[in-house]
Enquirer: 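Okay, here's the structure, questions in a sec.
Residue numbers count from 1 along this sequence.
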Amino acid sequence: MPLLAGAEPFRHEGGETAVLLCHGFTGSPQSLRPWAEHLAGHGLTVSLPLLPGHGTRWQDLGVTGWQDWYAQVDRELRLLRERSERVFVAGLSMGGALALRLAALHGDAVSGVMVVNPANRVHGVAAHALPVIRHLVPATRGIASDIAKPSVTELGYDRVPLHAAHSLRTFLRLLDGELPRVTQPLLLLRSPQDHVVPPADSARILGRVSSTDVTEVLLEQSYHVATLDHDAERIFEESTAFIGRLAPGAVREPGLGKEGTTAGG
């Protein structure tokens, strides 16, 4: 299937410090593209891949699972490590969960973690019925575009395939047990008004990671997709400050890096 316009992955060859960005469940790189461009503009190498099953039609997501999504970001991390001195991982929602697992499993290969409204579990009474209901009902209503800012939309599916939702639930339960292995510096940004991922998920993550360098930032003016919302600039500024503190000299003034590229998938 052809990609939806705007769902293309993004790559930028910058300096020796790299950032791997992971988008959310049923979303696409479009939701993180402004963040990626901001980081690239400050001279960082950036990779924002398109996760398998995303960016085309919701039926394609239904035949993928968490192993496919994680394998994609794991592969990207290994490629970045081959050419970069340091790699930071970041993500929105499920992408935040993927970033946390990369940190848990790769240890010192990850220099720091930045997550926005990270997911820790699939919520709602229907979540417990997923093992059965996914065989009876193909999909439910979508979760994309939870944004407070008027006239801004997220490029995501309008349906959630339940086979994929079941796989996500399995992944998040697995990750919960791995969170104590996360020891890297952590920047967690969350929206108190989030209609997709409740504050309890961030609280659970903060309570289970072993990181001692932890910064929590509240995004008071934004909903779930805060990277496209009123607090987007704050996310961008907090992340570059976080990287600059941990990797002195890595963040340059805008306009001094190479041009970014959009890669078709």
Side-chain angles (χ1 to χ4, degrees), residues 20-27 32 49-54 58 60-78 80-81 87-135 139-140 143 157 160-190 194 196-211 214 224:
L20 170 58
L21 293 166
C22 311
H23 70 76
F25 183 62
T26 76
L32 299 185
L50 174 67
L51 300 179
H54 293 76
W58 68 261
D60 295 331
L61 181 58
V63 295
T64 66
W66 75 262
Q67 297 92 338
D68 303 302
W69 315 325
Y70 181 75
Q72 179 70 46
V73 297
D74 183 85
R75 182 164 52 250
E76 293 288 335
L77 175 62
R78 294 175 189 275
L80 289 173
R81 283 293 299 168
V87 181
F88 290 81
V89 295
L92 166 69
S93 194
M94 180 188 76
L98 292 170
L100 286 164
R101 187 165 203 252
L102 288 171
L105 271 56
H106 285 271
D108 291 342
V110 172
S111 296
V113 187
M114 304 175 291
V115 292
V116 178
N117 293 322
N120 179 256
R121 58 176 292 192
V122 174
H123 294 271
V125 293
H128 299 287
L130 277 173
V132 174
I133 199 172
R134 66 193 175 106
H135 297 292
T140 187
I143 56 174
Y157 296 146
V160 175
L162 294 189
H163 280 297
H166 174 68
S167 185
L168 173 60
R169 180 172 181 257
T170 300
F171 169 66
L172 294 177
R173 295 174 72 179
L174 171 69
L175 172 63
D176 190 67
E178 297 171 337
L179 286 175
R181 298 169 62 180
V182 177
T183 60
Q184 297 89 341
L186 172 63
L187 171 63
L188 188 149
L189 307 103
R190 66 176 181 86
D194 186 328
V196 178
V197 174
D201 283 34
S202 288
R204 173 75 176 179
I205 290 167
L206 291 173
R208 289 190 59 76
V209 298
S210 298
S211 306
V214 176
H224 183 62

Enquirer: Output a table of donor-acceptor pairs, distance under 3.5 Å, between side-chain atoms of residues 102-111 and any protein atom two or more places apart or on a different chain; print 'none' if there are none.
Expert:
{"from": "His106", "atom 1": "NE2", "to": "Asp74", "atom 2": "OD1", "distance (Å)": "2.6"}

Enquirer: Please check if the side chain of His166 supplies one atom and the backbone of Ala164 the other of a donor-acceptor pair under 3.5 Å.
Expert: no
Enquirer: Search all heavy atoms of Asn117 against all heavy atoms of Arg190 and return the closest pair with its distance.
Expert: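 Heavy atoms of Asn117 and Arg190 come nearest at OD1-CA, 3.1 Å.
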Enquirer: Do you know which two heavy atoms are closest between Asp201 and Pro118, and how far apart they sit?
Expert: CB-O, 3.6 Å
Enquirer: Could you list the residues that satisfy salt bridge (charged side-chain N to carboxylate O under 4.0 Å, His left out) with Arg204, not counting sequence neighbours?
Expert: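 Checked Arg204 against salt bridge (charged side-chain N to carboxylate O under 4.0 Å, His left out); matches are Asp176.
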Enquirer: Provide the closest heavy-atom pair for Val160 versus Phe25 in the form atom of the first, atom of the second, distance.
Expert: CG1-CE2, 3.6 Å
Enquirer: What's the shortest heavy-atom distance between Pro49 and Gln72, and which atoms?
Expert: CB-NE2, 4.0 Å
Enquirer: Looking at every heavy atom in both Ala99 and Cys22, which two are closest together, and how far apart are they?
Expert: N-SG, 4.4 Å
Enquirer: Roughly how far, to the nearest 0.5 Å, is CE of Met94 from CD1 of Ile143?
Expert: 9.0 Å
Enquirer: Under the 3.5 angstrom rule, does the side chain of His23 hit a backbone N or O of Leu32 as a donor-acceptor pair?
Expert: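 No; zero donor-acceptor contacts below 3.5 Å.
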Enquirer: Search all heavy atoms of Asp60 against all heavy atoms of Val63 and return the closest pair with its distance.
Expert: O-CG2, 3.2 Å
Enquirer: Ring centres under 6.0 Å, that's the criterion: do Trp66 and Phe171 meet it?
Expert: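 Distance test on ring centres: under 6.0 Å, yes.
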Enquirer: Hey, does the side chain of Thr64 reach the backbone of Leu61 with a donor-acceptor pair shorter than 3.5 angstrom?
Expert: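 It does hold such a pair.
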Enquirer: Which distance, rounded to the nearest 0.5 Å, do you find between the OG of Ser93 and the CG of Asn120?
Expert: 11.5 Å
